Q: 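Just dropping this structure here.
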Amino acid sequence: MKKFADLHVHTSLSDGTFSPEKVVEYSKKMGLDAIAITDHDCVAGIGRALVAARDIGVEIVPGVELTAELGDGEIHILGYFIDWQDTLFVKKLDEIIKVRKERAKEILKKLNEHKVDVSEKELFDLSGVGSVGRLHIARLLLKKGFVPSIAQAFVRYLGDGKPCYVKKFKLTPAEAAGMIKGVGGVPVLAHPMTIYAGDTTIEDILGLLVKDGIQGIEVYHSDHKRRYEIKLKALAEKYNLAVTGGSDCHGFGKKEVLIGKVKIPYELVENLRSLI
Ligand code: AMP
Ligand code: FE
Ligand code: FE
Ligand code: ZN
């Protein structure tokens with residue numbers, strides 16, 4: 001029987017709403033054979049997912065999603081098959097998580113200045129352990145009735161260039177790719193559709209990123225239209241990049257639960273593994 005994978009899933013250790021155990025259970029229900037746990041700047045969900053998956057028969061690909069600075073905007077770089085227990089790597093992630101926390105406090109200050117009354121305690125109670133981010137803040141604003149939807153939280157306050165936006169600690173693309181390769185992983189450009197690139201094209205950007213060490217590209221993603229997938233697939237061939245895909249599920253953090261809504265053939269996982 002044909003096997004399928006979803007290589008982009010968040011847990012409650014970053015800004016997903018499902019615990020690693022719940023993610024594994026859900027992926028089985030959705031008929032997936034393999035999933036990658038790709039929390040923002042955090043690997044603390046991987047061990048728990050591995051334990052939960054042991055008896056269920058779902059393969060866990062250890063992953064991470066890093067943010068890198070590109071021009072005025074940012075890109076996300078996924079790392080697959082990383083040695084998630086590497087002490088130095090975990091230490092670096094802990095530093096990034098600390099900076100994220102300080103940034104979240106700054107965002108809250110700005111929100112308070114805009115008469116949005118939310119406290120640090122409320123945010124950190126909601127975000128729990130792991131990495132905190134804008135999606136947590138958006139959820140808090142929704143919960144407290146300051147915005148009618150998550151999307152509006154970004155439109156009104158949190159989105160890039162909006163009044164309460166604060167930049168976060170960012171690596172260069174080469175640093176992010178290097179960090180991933182340093183622990184035996186394969187760096188992959190995440191959801192190219194969401195890159196803000198001004199006048200530059202995705203093709204120009206890819207040329208640069210390949211030099212920086214990127215080895216794959218997320219062709220299939222919940223935000224990618226079919227037309228765009230075809231274009232990205234052609235670019236993957238041109239630059240000899242591995243093709244990956246995933247739902248980018250954040251549990252109930254997004255409009256719908258996305259896990260398994262993007263399913264890629266398992267051969268693509270094997271292809272990715274061959275690059276280790
Ligand atoms: P951060 O890493 O803290 O900058 O937050 C990034 C997270 O916010 C990712 O999970 C994105 O999916 C989410 N995000 C960014 N922009 C939006 C948006 N306009 N609507 C909903 N979620 C968003
Ligand atoms: Fe996220
Ligand atoms: Fe992302
Ligand atoms: Zn993601």
Side-chain angles (χ1 to χ4, degrees), residues 6-18 23 35-43 45-46 61 63-70 72-80 93 96-108 110-111 123-124 126-128 130-142 147-171 176 180 187-196 216-218 220-224 244-259 261-262:
D6 179 342
L7 291 182
H8 193 154
V9 183
H10 293 269
T11 78
S12 51
L13 277 302
S14 66
D15 54 358
T17 64
F18 292 160
V23 160
I35 57 167
I37 303 291
T38 54
D39 280 315
H40 299 283
D41 306 321
C42 184
V43 288
I46 296 170
V61 175
V64 72
E65 184 172 20
L66 302 178
T67 304
E69 199 152 16
L70 192 84
D72 290 336
E74 63 178 56
I75 57 169
H76 291 181
I77 298 179
L78 295 156
Y80 292 114
L93 293 182
I96 297 177
I97 289 173
K98 240 188 243 161
V99 178
R100 269 183 172 277
K101 204 164 173 184
E102 292 310 311
R103 169 207 189 214
K105 289 181 191 171
E106 275 183 57
I107 296 177
L108 292 187
K110 287 200 173 191
L111 283 167
L123 175 64
F124 297 132
L126 182 143
S127 66
S131 67
V132 64
R134 283 182 290 169
L135 197 55
H136 293 116
I137 302 176
R139 274 168 51 205
L140 183 60
L141 296 190
L142 177 64
V147 289
S149 66
I150 296 277
Q152 275 300 311
F154 281 90
V155 170
R156 291 188 198 172
Y157 302 109
L158 305 172
D160 300 26
K162 300 294 171 175
C164 301
Y165 175 73
V166 177
K167 268 190 164 193
K168 74 172 169 239
F169 173 88
K170 279 174 202 155
L171 309 157
I180 290 162
V188 170
L189 177 64
H191 43 65
M193 177 63 197
T194 58
I195 296 176
Y196 169 74
I217 180 167
E218 192 174 47
Y220 306 102
H221 183 275
S222 305
D223 291 339
H224 288 179
T244 74
S247 64
D248 207 355
C249 178
H250 286 70
F252 294 119
K254 299 271 155 152
K255 269 191 296 244
E256 55 173 325
V257 176
L258 293 168
I259 197 165
K261 293 269 162 84
V262 174

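When a ligand or atom number is given, it counts from 1 through the structure's own listing order. None of the values given here were measured: they were computed from a predicted structure. Residues: numbered from 1 along the sequence shown.
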Q: With the side chain counted from C-beta on, respond yes when I107 and L158 share a heavy-atom pair under 4.5 Å apart, and no when they do not.
A: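 When only atoms from C-beta onward are counted, L158 and I107 do touch, with a gap below 4.5 Å.
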Q: Nearest 0.5 Å, what's the CG-SG distance between L93 and C42?
A: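 Going from the CG atom of L93 to the SG atom of C42 covers 7.5 Å.
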Q: Give a table of atom pairs where an N or O of ligand 1 lies under 3.5 Å from a protein N or O.
A:
unit_1	atom_1	unit_2	atom_2	d
ligand 1	2 (O)	R100	NH1	3.4
ligand 1	2 (O)	R100	NH2	2.9
ligand 1	2 (O)	K168	NZ	2.5
ligand 1	3 (O)	R100	NH1	3.2
ligand 1	3 (O)	R103	NH1	2.8
ligand 1	3 (O)	R134	N	2.8
ligand 1	4 (O)	R103	NH2	3.0
ligand 1	4 (O)	R134	NE	2.9
ligand 1	4 (O)	R134	NH2	3.0
ligand 1	4 (O)	K168	NZ	3.0
ligand 1	10 (O)	D15	OD2	2.8
ligand 1	10 (O)	H40	NE2	3.3
ligand 1	10 (O)	H250	NE2	3.0
ligand 1	12 (O)	K254	NZ	2.4
ligand 1	22 (N)	K254	NZ	3.4

Q: Going from CG on D39 to CG on L66, what distance comes out if it is rounded to the nearest 0.5 angstrom?
A: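 So the CG of D39 and the CG of L66 are separated by 11.5 Å.
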Q: Is the F252-F18 ring centre distance short of 6.0 angstrom?
A: yes
Q: Do K105 and F124 meet the cation-pi criteria used here (NZ or CZ under 6.0 Å from the six-membered ring centre, within 45° of the axis)?
A: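 No, K105 does not sit over the ring of F124.
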Q: Quick one: CG on L141 to CD1 on I150, what's the gap to the nearest 0.5 Å?
A: 8.5 Å
Q: Heavy atoms, side chains only, cut-off 4.5 Å: are V262 and H221 in contact?
A: no
Q: Ignoring hydrogens and angles, state whether a donor on the side chain of D248 or S222 is under 3.5 Å from an acceptor on the partner side chain.
A: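 Absent: no donor and acceptor within the cut-off.
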Q: For the Fe ion (ligand 2), which protein N/O/S atoms are closer than 2.8 Å?
A: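 Result, waters dropped: D15 OD1, D15 OD2, H40 NE2, H250 NE2.
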Q: Using side-chain hydrogen bond (donor to acceptor under 3.5 Å, both in side chains) as the criterion, list what pairs up with H76, not counting sequence neighbours.
A: E65, E74, H191
Q: Is the count of non-hydrogen atoms from other residues, nucleotides or ligands lying under 6.0 Å from K261 atom NZ greater than 12?
A: yes
Q: With the Zn ion (ligand 4) as the centre, enumerate protein N/O/S atoms below 2.8 Å in chain and residue order.
A: H8 NE2, H10 NE2, E65 OE1, D248 OD1
Q: Any side-chain heavy-atom pair from L258 and H250 closer than 4.5 angstrom?
A: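 With C-beta onward as the side chain, the pair stays apart.
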Q: Tell me which one of H40, H10, H136 satisfies side-chain contact (heavy atoms from CB on, under 4.5 Å) with S131.
A: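 Output: one option passes, namely H40.
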Q: Could you walk me through whether R134 and D160 pass the salt bridge (charged side-chain N to carboxylate O under 4.0 Å, His left out) test, one step at a time?
A: CA-CA 11 Å; R134 283 182 290 169; D160 300 26; 3.0 Å; yes
